[in-house]
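For the numbers below, each heavy atom of this structure counts, side chains included, while hydrogens, waters and symmetry mates do not. Here the structure is a predicted model, which is why all the values come from computation and not from measurement.
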Amino acid sequence: MQRLVWLLGALVLALGLGGCGYNDFQRLDEASNAAWQNVLNQYQRRADLVDNLVATVKGEAQFEQDTLTRVVEARAKATSIQVTPDTLNDPAAMQRFQQAQGELSGALSRLLVVAEQYPTLQANKGFADLRVALEGTENRIAVARDTYIQAVQQYNVLTRSFPSNLTAKVFGYAPKPGFTVDNEAQIKTAPKVDFSK
């Protein structure tokens, strides 16, 4: 008889947790974590490509050593930051990680602009292939970030909505920091295209 009471109690508890959004928190927490892992996967893909890109450029031309050095340093900085599942719940750690990735993006952009000025380098098939791969990686990163932003949005809406916000407080589910950029004001302004030079 006592066993039956325990089973009924467990069943009532399971139904109660399911009705208060507990299972939704589990589902959305896992979805946002998986989306972030995909973002990291794409960042790692880019970091792996950088060494090949820099080696190809070094082999083809002796120019803009400073640009190459900045790319290598930015890659080292971006890959030195350890990202754990706890990072998703730490806004300061997320900001440091995103800043390092932003610096790598900027250094790669400068390298590609410099490389455009050297016809010999542009004609190199290895460089062209790496450039295409790098552009594809940047697109994949953008898609992964978008997926992560949507996953965090769904999780945060559940965290802040009533009555699931009560469940969030009981089980310690805090809103997650979303993806941000450092230069938000700057990128709101459309770039000016000038062909007069």
Side-chain angles (χ1 to χ4, degrees), residues 32-149 151-152 176-194 197:
S32 61
N33 288 338
W36 180 247
Q37 294 304 317
N38 194 28
V39 172
L40 294 180
N41 182 36
Q42 298 307 325
Y43 279 141
Q44 185 61 51
R45 175 187 162 89
R46 178 175 69 177
D48 293 343
L49 283 172
V50 167
D51 287 341
N52 290 334
L53 180 63
V54 170
T56 303
V57 173
K58 273 185 178 174
E60 286 298 313
Q62 296 293 324
F63 63 88
E64 297 289 349
Q65 189 62 37
D66 287 347
T67 302
L68 293 173
T69 302
R70 281 186 206 147
V71 169
V72 172
E73 289 174 354
R75 184 219 182 253
K77 185 176 178 183
T79 56
S80 69
I81 297 177
Q82 296 297 318
V83 179
T84 65
D86 293 336
T87 304
L88 291 177
N89 300 319
D90 184 354
M94 282 283 288
Q95 186 176 13
R96 284 193 301 274
F97 178 76
Q98 291 177 15
Q99 184 179 9
Q101 292 298 330
E103 289 176 14
L104 179 56
S105 294
L108 285 173
S109 296
R110 284 191 292 278
L111 175 62
L112 291 176
V113 168
V114 167
E116 290 286 339
Q117 299 169 0
Y118 292 83
T120 303
L121 187 57
Q122 290 180 53
N124 180 284
K125 186 176 183 316
F127 176 75
D129 291 346
L130 279 173
R131 188 175 146 192
V132 169
L134 199 56
E135 289 171 352
T137 299
E138 293 297 323
N139 290 335
R140 290 179 186 199
I141 289 172
V143 170
R145 284 177 187 159
D146 186 53
T147 302
Y148 174 69
I149 289 168
V152 168
K176 294 177 184 259
F179 181 81
T180 59
V181 293
D182 291 334
N183 55 345
E184 185 176 345
Q186 182 183 356
I187 61 176
K188 282 182 180 175
T189 306
K192 292 182 180 176
V193 179
D194 184 5
K197 295 179 182 176

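With rounding to the nearest 0.5 Å, the separation of CG in L40 from CD in Q37 is 5.0 Å. L134 CG to N139 CG: the interatomic distance, rounded to the nearest 0.5 Å, is 10.0 Å. Going from atom CG of L49 over to atom CD of E135 covers 11.5 Å, rounded to the nearest 0.5 Å.
Contact annotation: the side chain of V39 never approaches that of Q98 to less than 4.5 Å [non-hydrogen atoms, C-beta and beyond]. Side-chain contact between I141 and Y43 is present, with heavy atoms from C-beta onward closer than 4.5 Å.
No side-chain donor-acceptor contact under 3.5 Å links R145 and Q42.
Nearest heavy atom pair, residue E138 against residue S105, reads OE1-OG, 4.3 Å. Between R75 and D48 the shortest heavy-atom distance is NH2-OD1, 4.2 Å. Between A35 and Y148, the closest heavy-atom pair is CB-CA, 3.6 Å. In terms of heavy-atom proximity, A107 sits nearest to A74 at CB-CB, 4.1 Å.
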Show the numbers, then the answer: is there a side-chain hydrogen bond (donor to acceptor under 3.5 Å, both in side chains) between R46 and T137?
-> CA-CA 6 Å; R46 178 175 69 177; T137 299; over 6 Å; no
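A perpendicular orientation is assigned to the rings of W36 and F97, their planes being inclined by more than 60° (bins at 30° and 60°).
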